[in-house]
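Lettering of chains follows the sequences in order, A, B, ..., and the numbering in each one begins at 1. Keep in mind the model is a prediction, meaning the values are calculated, not measured.
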There are 2 protein chains.
Amino acid sequence: MDKIRKDDPAQETGDSGFGEEELRRGMERLFFAYRDFIAQPDEILRTYGFGRAHHRVIFFVGRYPSMTVSQLLEILQITKQSLSRVLSQLIREGFVEQQQGVDDRRQRHLYLTEKGRKLEQELSADQRLRFERAFQDAGPDAVDGFMDVLQRMISRHPPLAG
Amino acid sequence: MDKIRKDDPAQETGDSGFGEEELRRGMERLFFAYRDFIAQPDEILRTYGFGRAHHRVIFFVGRYPSMTVSQLLEILQITKQSLSRVLSQLIREGFVEQQQGVDDRRQRHLYLTEKGRKLEQELSADQRLRFERAFQDAGPDAVDGFMDVLQRMISRHPPLAG
DNA sequence: AATAATATGTCAGTGTTGTTGACATATATG
DNA sequence: CATATATGTCAACAACACTGACATATTATT
């Protein structure tokens, strides 16, 4: 395998203090981090006959119990049909359960079952370890910077607690 | 839309200095950042009849001109067939061109055409702006932390220059 | 009480992008 | 000459996103 030659972008904008190269490096690194972040869960999911979309549901319902269907739609930014397919499968197989709302009985509040919590732990074990190590090794200041920059890249905050 | 109630994880590991909540918040934030990072390019791609996979090829070939097919496979971590479909489409439509290797004539070195570079610019305009603003507003120390943590989350480095 | 809006669920159809396994060609290496 | 490598291509399949239509239950409005 030959060494890959990097492009040397001719013109720099100069107006932001961050050059083409620095931005590209950040974009690239985000891609790699995300790619490796989901690689191991993907393998586990296949043994359950699930996909990445199931993981996202499991993660967010685990993080925000009593979340409704429309809140989940808002977070995932997918269509009702895309969510419905994976969510009803998770409910059917006993990983997620619904509870009719008390204030508004049209709403379905979502919760992980015990089985669902176990799956959540299994799926996120590698991801947690990855974050733990990176956070630990980089140190608290780096972690603050990491969280700050990520937050600023997010378009609009969904109405999350905390 | 009701406020979402956040889970209060019962037990903290305590052995890493980073609790369940902090790790979950990082994982969540990575998800949102990535989600918003690819949203706008996805829209543009649809007008070309392309998908996210085309963008990744355009990005990496733009960043590492003369890259070979197997290097691209290594980076994207997908199968030859998955790549072949999008790459041959990009070549057929004149966004990417191939050059037979001189040392090894089996290799195909990849380059963006002028048309390809224009598309690359169009696709990454929003992404660049997003990074520029986040980097600018968070400041250089935060950026260093961001880059450091991301790097530590990546499994193994592909043989990239720089 | 009638009407409109909301929350959810489901149908059929379509497209992108990932997978596997098999096979082919050109070229390089032993 | 035999084997390995780099690339390309075929068919089939699965996951997951989309659209648009439609249905039901419930709540809000007039």
Side-chain angles (χ1 to χ4, degrees), chain A residues 1-2 4 31 34-35 38-39 41-58 61 66-93 96-110, chain B residues 1-2 4 34-35 38-39 41-59 61 66-93 96-110:
Chain A
M1 176 84 67
D2 294 334
I4 300 176
F31 168 76
Y34 197 78
R35 179 199 67 179
I38 58 182
D42 275 3
E43 277 182 45
I44 300 169
L45 287 159
R46 272 193 302 121
T47 72
Y48 285 83
F50 291 158
R52 207 170 286 173
H54 298 80
H55 188 186
R56 292 196 281 261
V57 171
I58 292 275
V61 172
S66 86
M67 167 180 262
T68 67
V69 172
S70 42
Q71 288 170 332
L72 197 44
L73 283 173
E74 176 66 22
I75 281 185
L76 299 178
Q77 298 272 282
I78 57 176
T79 58
K80 203 165 40 163
Q81 170 68 340
S82 295
L83 175 59
S84 182
R85 203 175 329 120
V86 298
L87 181 57
S88 50
Q89 198 180 348
L90 286 170
I91 292 168
R92 209 180 317 118
E93 303 187 19
V96 173
E97 59 187 2
Q98 292 182 322
Q99 256 186 31
Q100 197 174 44
V102 268
D103 293 358
D104 187 334
R105 287 183 302 177
R106 291 171 302 179
Q107 296 181 336
R108 303 299 133 109
H109 295 278
L110 304 172
Chain B
M1 176 82 69
D2 295 333
I4 299 176
Y34 197 79
R35 180 200 66 179
I38 58 181
D42 275 4
E43 278 183 44
I44 300 170
L45 287 160
R46 273 193 301 121
T47 73
Y48 286 83
F50 292 158
R52 207 168 287 174
H54 298 82
H55 188 187
R56 292 197 281 260
V57 170
I58 292 274
F59 174 79
V61 172
S66 85
M67 167 180 262
T68 68
V69 172
S70 43
Q71 288 171 332
L72 197 45
L73 283 172
E74 176 65 20
I75 281 183
L76 299 178
Q77 298 270 283
I78 57 175
T79 58
K80 204 165 41 163
Q81 171 67 339
S82 295
L83 174 59
S84 183
R85 210 174 5 214
V86 299
L87 181 56
S88 50
Q89 198 180 348
L90 287 170
I91 291 168
R92 209 181 317 118
E93 302 188 21
V96 172
E97 59 187 2
Q98 292 181 323
Q99 256 186 31
Q100 197 174 44
V102 268
D103 293 357
D104 187 335
R105 288 183 303 177
R106 290 171 303 181
Q107 295 182 335
R108 302 301 133 108
H109 294 277
L110 303 171

Atom-to-atom span, OH of B:Tyr48 to P of C:dT16 - whole angstrom:
16 Å

Base of C:dT6 paired with side chain of A:Arg106 (donor-acceptor, under 3.5 Å):
yes

Please give me the minimum heavy-atom distance between A:His55 and A:Leu45, naming the atom from each residue.
CB-CD1, 3.8 Å

Rounded to whole angstrom units, what separation is found between the CG atom of A:Asp42 and the P atom of D:dA14?
18 Å

Nearest-0.5 Å distance, CZ of residue A:Arg56 to CG of residue A:Leu83:
10.5 Å

Please report, rounded to the nearest Å, how far the C1' atom of D:dC16 is from the CG atom of A:Leu90.
14 Å

OP1 or OP2 of D:dA6 versus the side-chain N and O atoms of B:Thr68: is any pair under 4.0 Å?
no

Tell me yes or no: between the side chains of B:Gln89 and B:His54, is some donor less than 3.5 Å from an acceptor?
yes

Grab the CZ-P distance between B:Arg52 and D:dC16 for me, whole Å please.
13 Å

Which listed nucleotide (D:dA17, D:dA6, C:dT17) is nearest to the side chain of A:Ala53?
D:dA17

Smallest heavy-atom separation, B:Ile75 atom then A:Phe31 atom, equals O-CE2, 4.0 Å

With a 4.0 Å limit, can you tell me whether B:Ser84 has a side-chain N or O closer than that to the phosphate oxygens OP1/OP2 of D:dG8?
no

Under 4.0 angstrom between A:His54 side-chain N/O and D:dA15 OP1 or OP2:
no

Hey, does A:Arg56 reach any base, or is it just sugar-phosphate, or nothing, if we go heavy atoms under 4.0 Å?
sugar-phosphate

From B:Ser82 OG over to B:Leu87 CG, what is the distance, rounded to the nearest 0.5 angstrom?
12.0 Å

For a quick test of reading the model, state the closest non-hydrogen atom pair linking A:Val102 to A:Arg105 and the distance between them.
O-CG, 4.2 Å

Return the value, rounded to whole Å, for the distance between atom CG of B:Leu72 and atom C1' of D:dT7.
13 Å

Name the residue closer to the 5' end of DNA chain D, choosing between B:Arg108 and A:Thr79 according to the nucleotide with the nearest heavy atom.
B:Arg108

Please find the pair of heavy atoms, one from B:Arg35 and one from A:Glu74, that lie closest to each other, and give the distance.
NH1-O, 3.9 Å

Can you tell me the distance, in whole Å, between the CD1 atom of A:Ile44 and the P atom of D:dA15?
17 Å

Separation of B:His109 atom NE2 from D:dA6 atom C1', in whole Å?
11 Å

Under 4.0 Å between any heavy atoms, over every strand shown, what does B:His55 touch: base, sugar-phosphate, or nothing? Just pick one.
nothing

Is the phosphate of D:dT27, meaning OP1 or OP2, less than 4.0 Å from a side-chain N or O of A:Arg105?
yes

A:Gln98 near the nucleic acid: base, sugar-phosphate alone, or nothing, with a heavy-atom cut-off under 4.0 Å?
sugar-phosphate

For A:Val86 and A:Val102, take the nucleotide of DNA chain D holding the closest heavy atom to each; which residue's nucleotide lies nearer the 5' end?
A:Val86

Say you draw a straight line from CD of A:Gln107 to OG1 of A:Thr68; how long is it, rounded to the nearest 0.5 Å?
5.0 Å

A:Ser82 side chain N/O closer than 4.0 Å to the phosphate oxygens (OP1, OP2) of D:dC18?
yes

When the nearest nucleotide of DNA chain C is assigned to A:Ile91 and to A:Arg85 on a heavy-atom basis, which residue is associated with the more 5' position?
A:Ile91

Take atom CD of A:Glu43 and atom P of C:dT19, then tell me their distance rounded to the nearest Å.
12 Å

Are there any protein N/O atoms within less than 3.5 Å of an N/O atom in nucleotides 20-23 of chain D, and if so, which ones and at what distance?
none

